[in-house]
Amino acid sequence: MWKFNEDFSFVRHGFRFILFSMIFLIVIGLGSYKFYEIFGENNYVAIHLMMGILIIVVTMSISIQSWLISPYILSNRFLYVGALFLTISFIEIAHTLTYKGMPFFITESTPYVATWFYMLSRLLLSIGFLSMFFIKEKGIKLIYRWLIYSLPFVIIIGCFSVLYAQSPILPPLMIEGEGPTVLKNTLQYTAVALQMVIMVLLLKNFKKAPKIIFLLLCSSIYLIMSDFLYTMYQDVYDIKNFVGHTFELGAFYLLFRAMYYSSIEKPFKQLVDTQEHLEKSREKMHYMAYHNEITNLPNERFLMESLKKDLYISNSQKAILAIGIERIAAIKASLGSTYADQMISLIAQRLKNVLPEKYLLCLLREDYFVVYIDEVNNTHQLELLSQQLQFVMEESFQIQHFSLNSQLNIGIALFPTDSNREEELIRFALYAMHEAQKTPIRIRFYESSISNEMTERLLLENDLHDALANQELFLEYQPQLDLYTGQIKSVEALVRWQHPKKGWISPGVFIPIAEESGLIIPIGQWVLETACKQVKSWEAAGLPPIKVAVNLSLGQLFQQNLVELIHNVLEKTQLEPKYLQLEITESMTINIDHMTTILHKLKALGVTIAVDDFGTGYSSLSYLKDFPIDCLKIDRSFVQKIQSNSTDKALVGMILSMAKHLQLKVVAEGIEEIEQLSYLIDSECDTVQGFLFSKPVPPHILQENYQTLHNNAKSILESITTSEV
Ligand code: C2E
Ligand code: MG
Ligand code: MG
């Protein structure tokens, strides 16, 4: 490929060179007679000898260069060019030695032999050059170079035999005092014509190797100029003859340059370029091996190597902060990795802005950051820094047309207190990060108990894999009481795990494990199907129609085929959709657009949707107007403090009145006390659920005790009305 910028400079240099030559020619041409004195007979032999030597040196150099390079290039053309120039250099030696005025060589020097030697060299150059265009480039065995380079010797012997024959075989080319003969001029013009053909062929191929061809074109121009000058002189002492020689020398020099460029300079430049390219690729590969592509932050390998080098230099306290991005997996699942990646790089940028430069910020496994702090004075400093880092998440992230929110969970492990091994330190920080999400401030220092918890968690996860197949999971149902009718019109299905060794395990423990491990998908599907079947079997047992509420996890909502799956479950169990309620949580509102679409599709099936644990999600309430919601479930934590905390009381009141305006039903969760119920009745709450009426119970108990449950509820409700009266 012709790189324009690179090759342009040589064109400029070339033009300068030609311009200079032209000026030189004009000056010499104009002052021809003045110069004549210097180039007079007495000096001319010496001057010609000098020019001859230079031409011989240049032509010989070309042939030697080709000879030396041929083992590396092994190209037939290269060797032919070398042999051609060796022949030319031999002939030029003969021409110089036999030039008129030179001392005796074989015979007395005459213009006859010298001019013929010149003419032969000139014609050989053009013919040889021209033939190069028709010789196909191919590889050649090294042994042939001896054969090819012996040809010049044969040719020069042949030339000598012809020119030094007893009686002259060839007509003279130069008659002293008259100048060149017609034959000389004809041959000279033939050389010019050949040279012009060469130039046309060169121009045709210009794009293939512009610099070489440019040099060859310049050389051709010089040769043609020398040709014209050689047809014009009157005797060999004529200034035109000298200038002709100068141009001839120039032409050979340019040929030499072209050869040098193509055989040495260009390959060398290519080699340098390749080396530079290799070096750059090596640097890039090294960079990529030690950095994360999305954020350009150092990666795990970089961190481990830095820790290996740095950790043990001094025994001062150092810290590892593991920073997890809440819900990033869900963002990836719902919007795709492009959005998640963009969010991660934006977070990385914000974190970088907060962190002092000497702290090492790395991105590990694409979704959590690690900060290495090589000097810790006190742990309070780490807490403050963690809070500062969390603060950067306050403002939501604008990614294309989405506005995404998230929080950071930060776990901290200290060197050498928690561990003095780099791998363990990172692991401990990650454990602490994991635990951090359970705390309100989302920052947690590592403690040895966390390790035990994590091990326990891993063991549980392992067992949970088999829990479904081993039928260790079952459902309990907690009745929900309609306060207007006093009837149990709905229940909430709650999953339970009876572990063969560890006994009853709370869903609060194993649901998060199932969510993280992805097991929530098969478990959730089983819950849905079992709950729907149960409603049908109650119906078959003669119970009045009961609606079942099923909890959905975030992972399930982003499950590709959720709508289809629910549709199939309803079809399979023959349950009317209005008897199924799906409970989502506020934390699922990370991506309003996606949620709105999914919820509308679910609504279209005919099921109802409730927002569970309402009030705990810290999210903007704006989603309430976008989501097709039927019901709000007020979180237990508010209900429990109705009597003791006036703020919570006000909040419950506010939720109820807001729900009324939005025409949403309200279920109050966790009713344990009569007073709570009494307040809710006063505030016109629709439905209640809590231990006051019933704990979650196995399905057969609910069926058997259905009437008793009603009676209990009735007496509780009556006790309130009585006390109010
Ligand atoms: P949730 O959906 O808010 O369920 C209500 C929880 O409150 C249940 O806890 C229930 O037993 C408890 N509860 C109800 N009334 C009272 C009360 O008066 N006092 C007190 N102290 N607690 C009461 P449980 O069964 O431990 O479930 C905990 C959470 O686990 C559920 O909270 C729900 O988020 C999740 N969960 C349960 N089953 C499933 C399921 O099948 N799928 C999913 N994704 N999550 C589930
Ligand atoms: Mg629930
Ligand atoms: Mg709840």
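Note that ligands are numbered from 1 as they come in the structure, with each ligand's atoms numbered from 1 the same way. In this chain, numbering begins with 1 at the start of the sequence shown.
Near Glu672, the atoms of ligand 1 lying under 4.0 angstrom from a non-hydrogen atom of the residue are 17 (C), 18 (O), 19 (N), 20 (C), 21 (N). Listed by number with element, the atoms of ligand 1 under 4.0 angstrom from any heavy atom of Val527 are 41 (O).
Within the 4.0 angstrom cut-off, atom 29 (C) of ligand 1 has no protein heavy-atom neighbours. Per-atom contact check: atom 9 (O) of ligand 1 does not touch the protein, criterion being a heavy-atom distance below 4.0 Å. Within 4.0 Å of atom 3 (O) of ligand 1, at least one protein heavy atom is present.
Figure legend: cation-pi geometry between Arg496 and Phe510 absent, as NZ or CZ is not positioned both under 6.0 Å from the six-membered ring centre and within 45° of its axis.
Within the 4.0 Å heavy-atom shell around ligand 1 one does not find Glu515. Residue contact check for ligand 1: Gly524 places no non-hydrogen atom closer than 4.0 Å to it. Distances shorter than 4.0 angstrom do not occur between any heavy atom of Glu476 and any atom of ligand 1.
Taking a cutoff of 4.0 Å between a charged side-chain nitrogen and a carboxylate oxygen, Arg442 and Glu326 qualify as a salt bridge. A salt bridge between Glu672 and Arg636 is absent, with no side-chain N of the basic residue lying under 4.0 Å from a carboxylate O of the acidic one. Classification of Asp463 and Lys501 as a salt-bridged pair fails, no side-chain N sitting under 4.0 Å from a carboxylate O.
Protein N/O/S atoms found under 2.8 Å from the Mg ion (ligand 2): Glu492 OE2, Asn551 OD1, Glu583 OE1, Asp612 OD2.
Contacts between Asp613 and ligand 1, counted as non-hydrogen atom pairs separated by less than 4.0 Å, involve the side chain only.
For the pair Ser506 and ligand 1, the shortest N or O to N or O distance does not fall below 3.5 Å.
In this structure, Tyr477 has its ring center closer than 6.0 angstrom to the ring center of Trp538.
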